[in-house]
Every structure is written in C-alpha cells, then in structure tokens.
Amino acid sequence: MSEILTLPLRSLKSLKRFEDYNPIAVFVFFAGAILPAMFCLDIILLLISFAGGMSLLFSLKGKAAAKSLFLYLIVPIAGFILNPLFYHNGKTVLFLINDTPITFESAFYGMSAGLMITAVLVWFRAFSLIMTSDRLLYIFGAASPKLALILSMTLRYIPLYTRQIKKIRMASKAMGLYREDTLIDRLRGSVRVFSAMVTWGLENGVITADSMSARGYGIGRRSRYAIFGWLAFDGLLIAASAILCAGVLVGAGFYAFGFEYYPEISAVPISAASCLCYAAYGILVFIPVFINIKEGLTWRSLQSET
Amino acid sequence: MEIVTVRNLSFTYPLRGEKALTDISFSVESGDYLAVCGGTGSGKSTLLYMLKKELTPRGDLAGEILFEGKRLAEIGDKDSACKIGYVMQRPEQQLVTDKVWHELSFGLENINVPSNVIHRKVAEMASYFGIEGWFEMPVDSLSGGQKQLLNLAAVMVMNPKVLILDEPTAQLDPVAAVDFLETVARLNRDMGITVILVEHRLEHVLPQCNKLLVLEDGRAVAFGKTRSVISSLEKNEQVLAGMPAAVRLYNSFHFTDECPISTGEGSLWIRKHFSNRDPRPKEKVKRSFAGPALELKDLWFKYGRKEHDVLRGTALTVYEGEIFCILGGNGSGKSTALSCAAGLLKPYHGEVRIFGKNISEYKNMLWGRELSMLPQDVQTVFLKNTVKEELEDSGACESLSVYDLKPLLDSHPYDLSGGQQQLLALTKAIASRPRLLLLDEPTKGVDTYTKERLIGLLKQYRDEGMTLVIVTHDAEFAAQIADRCALFFRGAVTSVDAPEAFFSENNFYTTAVNRMTRDYFDGCVTLDDVKEVCEKNHD
C-alpha cells in the first residue's frame, strides 16, 4: 500500500462523512453488514439489518427514501401471503383452501425470507448510491491496474457510442434520403446505422490508440494514481466491520441465536450470547449513520464557535 | 540550442509511387514557436507524424531527424513519450478514460510514476489550466473546447520539451479556438516550451509564432522568420487563403514596407497608404425575394422538463431564394432552432411552416422531400466504404460538387480532409433535390481554400432557386455568402439585417476586415470590399 497517502490519526473531531471514507473501507463495511443478513434467517437480526440499511438510505437521500420504504415492505408482505399457498409444511393450520392446509409457519417463513431479500436489497441500493464508478475502479485497480483501465475506457465508450448512434440516426433522417414508411425500410435503416457505427468505431479506435501510444502506453509496467487518500479512520472502520461481522457469524455458527421454522416456530432461547450477537450486529449496521450524525454535530458546533 | 533538426527528409507511403515528403530541411531552436502551413494534401500531417516516433507510419524514410542532437529513432521509449507531446485534431477521440482526473494521470501512469508524485504533478497542471473545477467530472460532460484543453493538459503533465499540435482548433468554435491558442502561446512564453503547430487558419497564430514553414506538394517552399516568409507569399494562393485579412490585403498590392500581421497593424497600414476620400464600396444589388420558405413562429423548446428553455419565442422568416445566416454564441439556441425547423425536435409551443404549410400537415416525414439538413458532425452522414458508393447510394452522381470529388472516388470518406468531407456530405444532402437546405456549421474543420469553393457552390445553388439557412460561428464566411444575417441570443433573434449593415453595427460579431477599416472606411465587411475601396483611394 506504499502508493496510498497515509495521514496520521488526528483528533476525533473528524468532518468526514461515511461516503467519503476510503472505498476499500466502505466495501469491507458493506460486506460485513450484508453477509450475516444473507446467511442467518433470523427475524430479529433481519429487522435490525433492515432498520440499519434504511437509516443509511435516509441519511443519503433524505426524505426521498421514505417513498421507497413502502416499496421495500411489499416483499415481506408478499412472502407472507404467497408462501403458504405453495408450501404446506408446519403444524399450525390456520384454514383450508380446497382441502389444502394454510399454515402459520409457512406464512411466517415467507415473511422472513421476504424480509431477508428486502434487507439485502436496501443494502445494495445504498451500496450503489455510494460506490460511484470512480470508487469501484479504485477497488478493482488495487487488484489490477490493467483491469481498472479497461473498465474506465468502457465507461467512456458507452455514452460516446450511444450519442453517436443517435446522431447518425438523426442525420440520415434529416437528409430526407431514406424512406421510413414500412418496417422493412426501418430495418434497412438500422442496418445502415449499424454498419456506419462499426466504421466510425474503428476509425475512432485508431485515433484513441495513437493518443495512447503517444503518451507512452505499453512501454512497461504501469502505476496507478489513486484519488482516494487513506486515513487512520479508514483502518478503524475496516477493523470494526471485520471484528463485529466475524463475531456475529461465529455466534450464528454456534447457535447462539437463530430460528427453527418447521415443523413449529422455535427460537434459540434468549441468552447473554445471543444478546451480545444482536448488539454487535446492531452496532455494525448503524455505524454509517453514527458517523454522519457525528459529522453533522461537529459541523454545527464548529459553526457556533465562530 | 537546436532542439529539432530535420535534414533532407523524404518519405513515401508503402504502395504509393509519389513521395509524400520530398527533401525537407528545417530546424527549430529551443523556445521557438513554429507554425507549419500549406494546403490540403501538402504533407503537413505526415511531417508531424515523422517527428513523433510512436506515430511514424510505415514507409520509406530517407534523411535525418534529430531531437536534442540525437537521432529520433534512437531515443528511449520513455524519453520519447515524455519529451515530445502530441495533440491531435479531434478532441473527443483522443480522450482515453472516463474521468478528467484519470485522463490527466494516464500518461504518468504509463511510465510508472508513483501515485503521490502523480498527485503533485496533476494538481499543478490542473490549477495552471484552471480545470480544478472539473477534476472529478466525466469527460463526456465537457464541451469541445474544454476537451481539447484537457488533451493539452494531459500531455503537459508529462513535462514535454516540444509540443506538437496537428490542427488542434479545427473542430472548435472561434471563441474556444482563440482560448486554446492563447494557452499554447502562454506555455511557449512562460515555460519556454518549443511549439510546432499545423493550422489552416492563421489569424491568431501568426502574431504568436516566430517561425513559419510553408509546404507545397510535400516540399518546403519557404522557411524562416514569420515576417520575412509572409511577405513572399503572393503566388501561393492556397497558403495565402489561410492568412489573416491584413496579410492578404498586403499581398494584393505591391508595397515594399513590412507586412502587417494583426488587425491593429493592418488598420495602421491602411491609414498609411490610402486616403479615405471615397470610403464606400459600391452598393450591392439588392435581391428581391419571393414568398416565405421557412417561418418559425414563437417557438419555445427545452430538452427536459426541469431544464431551462433553449428557445424562447424564436420568430423568423426566411424567403425563397435567399441565403440566411444565423450567428450567435455557444448555447444561444441556434442549432436547436435549426433542428426544430427540420422537424427533428418538436417545440412545445409555436409553429414551423415550410413553404407556407405547417410541418405537422406533412404526413410521414414528407417535408423531407422539401428540405434537407446537414448536421454539424458530417462524419455521421457517411454510411458507405468509398466516396463512389456514397454518391451512388444517394443518387447524387450528377451534382455540381462531384467535380471536386472526382480524384477521390476510391478513397474512404474518413480519409478525406475536413473540407473534402464537407463537400461530400453537402453533395449527399442535396441529392434529394430539396428546395430548402439547412446547414449547421458548414465551415467547421474546412480549410480556407475549400471554403472559397464551398461559397461558390452554395451561391450557385441559391441562383438555381434553392433557399439556404446556415447556422455558423464564422463571421467572415457569413459576410461573404449571406443575403441576410440574424444574431441569436438566449433563444431568440435579436437583429436581422443585410450583412453590410449587420456587421458594421456589431462590434464583436464582425469580420476582421470590418474591424480593420472601422471609422475610416464605411461598410467594408469582406476582403473584396476593402480591396475595391483601397484601389479607389490609391494615389
């Protein structure tokens, strides 16, 4: 990691928002928050996870997140209604439809599975909001600078090509040379645009290749310029995420908490260990909001001091 | 100290009989600013390729090219990449990555510079070029001028000794072009960077460069100090066409004093040699127009619901058989208005009438039989592999402009020069024999010599009864061709007038000739005008 700027840990009066942490640290955090939710079908853990994810969405998007809240809740509700229609395991029969039993266990399982999907969706939504292409490239680049360059060039070409296709289409329309009355005419038009696009792309590629070799591409090993710095805070975030996530997973492995759905719903009895696991996960998923709230308070106190 | 020395250089492309470059010799001192000029096909670009090892095409090369006293071919890869910077014509295609910061760091990454050193150099360049504000932006959101400036900055971070530029402003609008050339001159002046630049339009380059190399058919016909070279251009029409108005005026008379280069010098030169007893060129014949060909009535348009209005009540009438030029700054809505007129965009309020009929009354795009529009980027018009196929495909084999394309029939459209591409695209656009032709920036990337030809052709089309509406940045072009001119500002037309009155009343949007003769002669806007008046007042 010699290429990354290392700054000393300053006073805790940091004005860094969660989004501004080093992308690798943020990536590790997301892995830590998402993994337990994916592997433990435990309703309490999932509720914590969902609440944590939603709180992060609120802190990123503000009130706009409220609208999506209802959308996310549809999945567990749908699971609650639909799952018992297809799976009939479980002891507690609620009622019969056409002689097939609808069980409480199956409905509850459907809701839990739905909640898991929702919780993971919420986390991925937050992930995609924070991880812009720059940040993803930074993470990939740490693995391979070549891969990072290819991705960056691809990201450049997508809008370039889309725009050019549109321009070629407009141009042939505006010249009034080609008929567009029937489907066949239009198909022919598309083939024309496509072949023109291929030519343009090749021509374009030649110039880009020239521009690359003029600036020394391919003469030896490449280095990588990272625009994201590395602060001690980032290390703290990684350590906290890793330790808390490992704790929860170990707890799940030793059945410190967990749920049995069939034939009858039974939870692992509440114990010191299970409380510890829930608490650890709770702390983990609320770290981003905690960081952002602290940032807000620090900012305000700095403002009032002046 | 000589930094680049070229001795008896000749070059032949493989499978071609004639030489592209023949026996060229010149040398550039450290800190020089050399402008290379010449007509289309004179070998300017080929010469530049020879000076950059990575770009030298395959072929038969004779003679010697020395860089800092060493043979160019023997310089190490890293030195060659760093010390010789190269900027090409097309701003868009040179960009490699998706973000501004990544583009800036690309060259340094290639030569394995550690991240913290890159950070320092990139930061320094970004602030020198004033591009700190776009540092994290995607390159796609930049304007053409900004992209070209970024290309320059991305080369400058490698700390080159020599900067080679191949028509860097051909694709830019005049304001961005001047901006770019100013930056190049500043690099030359402040940092002592040696500049070798190829350009068609030399108005802004001439006052800045100290040496000039003139090429003709692959031979160096003149080389030396700028002033001594330009006073001897008389006979070279192709090169002279690209010179500033002052130089062209000087070369049409036979004075032996020093040649004026800039507009200011030209203005003094005129006052020195000519009186202003009879300051007016003779009245131009006013053309009479038939009914309206294109009417825009109170157009309002915006690209997105939450975006600003681009057109705000645009209203104008173009009459049958006239050439109507629309001038205006970037983002003033000229091109948008043209697209609305062609039916490509639909205004949310207002009416477009073509030959008296509302555009919505033409079913199935049938207005396309009446009008044709040529977009700004003419490469979007080419769909075939050779010029011949292109002409056959559009059924344009008998058009006037085909004459100019005869020697190029077997070439690929992309291999033509900017001017030739424009002629080919124009030929395609009029193949459907439209009565109304809309052109968007037809002089972009066109060399001045081809521009003259273009003007001739367009005037001929008009005389055959075609109506032309031309959106352009190029005041000189508009002054020569327009029957009427309009100025666009914030999505509406602010003034419409005949070019003589239009340009005489503008201060900024006017021709160099008009600026040169202002307050001395009256109503001179083109070179022909001023020549005429000068001859009348010549003692």
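The structure presented is a predicted model; accordingly, all values stated were derived computationally and were not measured. Keep in mind that the numbers below use all heavy atoms, side chains included, and drop hydrogens, waters and symmetry copies.
- Sequence neighbours left out, the pairs with a member in residues 150-159 of chain A that pass side chain to side chain donor-acceptor pair (under 3.5 Å) are A/S152-B/D98, A/S152-B/H102, A/R156-B/E92, A/Y157-A/T208.
- Only the side chain of B/V139 comes within contact range of chain A, judged by heavy atoms closer than 4.5 Å.
- Listed by first and then second residue, the side chain to side chain donor-acceptor pair (under 3.5 Å) pairs that reach into residues 151-164 of chain B are B/Q148-B/N151, sequence neighbours excluded.
- When each of B/R90, B/Q93, B/M373, B/K384 is scored by its heavy-atom pairs under 4.5 Å with chain A, the top score falls to B/Q93.
- Using a 3.5 Å distance cut-off with no hydrogens or angles, the side chains of B/Q376 and B/K444 do pair a donor with an acceptor.
- Between chain A and the options B/L108, B/I118, B/N112, B/V87, heavy-atom pairs under 4.5 Å are most frequent for B/N112.
- Put simply, the side chain of B/D440 never gets that close to the backbone of B/L338: no donor and acceptor are under 3.5 Å apart.
- Interface residue B/F135: only side-chain heavy atoms are found under 4.5 Å from chain A.
- With chain A as partner, the option from B/V122, B/I84, B/D377 having the largest number of non-hydrogen pairs under 4.5 angstrom is B/D377.
- The aromatic rings of A/Y225 and B/H119 lie tilted to each other, with the angle between the two planes from 30° to 60°.
- By the 30° and 60° cut-offs, the orientation of the rings of B/F106 relative to A/Y217 is parallel.
- Within the 4.5 angstrom heavy-atom criterion, only side-chain atoms of B/Q379, from C-beta onward, approach chain A.
- Between chain A and the options B/V381, B/V155, B/T380, heavy-atom pairs under 4.5 Å are most frequent for B/T380.
- In this structure, the portions of B/L383 lying under 4.5 Å from any heavy atom of chain A include both its backbone and its side chain.
- Only the side chain of A/L137 comes within contact range of chain B, with heavy atoms under 4.5 Å apart.
- The stretch residues 56-67 of chain A places none of its residues near chain B, where near means some heavy atom under 4.5 Å from a heavy atom of that chain.
- The side chain to side chain contact (heavy atoms under 4.5 Å, CB included) search around B/D77 returns A/I219, B/K53, not counting sequence neighbours.
- The aromatic rings of B/H412 and B/Y414 are tilted relative to each other, their planes meeting at an angle between 30° and 60°.
- B/K428 and B/E390 are joined by a salt bridge, as a carboxylate oxygen and a charged side-chain nitrogen come within less than 4.0 angstrom of each other.
- A salt bridge between B/E103 and A/R215 is present, with a side-chain N of the basic residue lying under 4.0 Å from a carboxylate O of the acidic one.
- Nearest approach of B/V113 to A/S223, heavy atoms of both residues: O-OG, 2.5 Å.
- Heavy-atom pairs under 4.5 Å with chain A were tallied for B/Q89, B/E136, B/M158; the largest tally goes to B/M158.
- For the pair B/K83 and B/F67, the NZ or CZ position fails the cation-pi test of under 6.0 Å to the six-membered ring centre and within 45 degrees of the ring normal.
- In this structure, chain A has heavy atoms under 4.5 Å from both the backbone and the side chain of B/L95.
- When each of A/R221, A/M153, A/Q164, A/M170 is scored by its heavy-atom pairs under 4.5 Å with chain B, the top score falls to A/R221.
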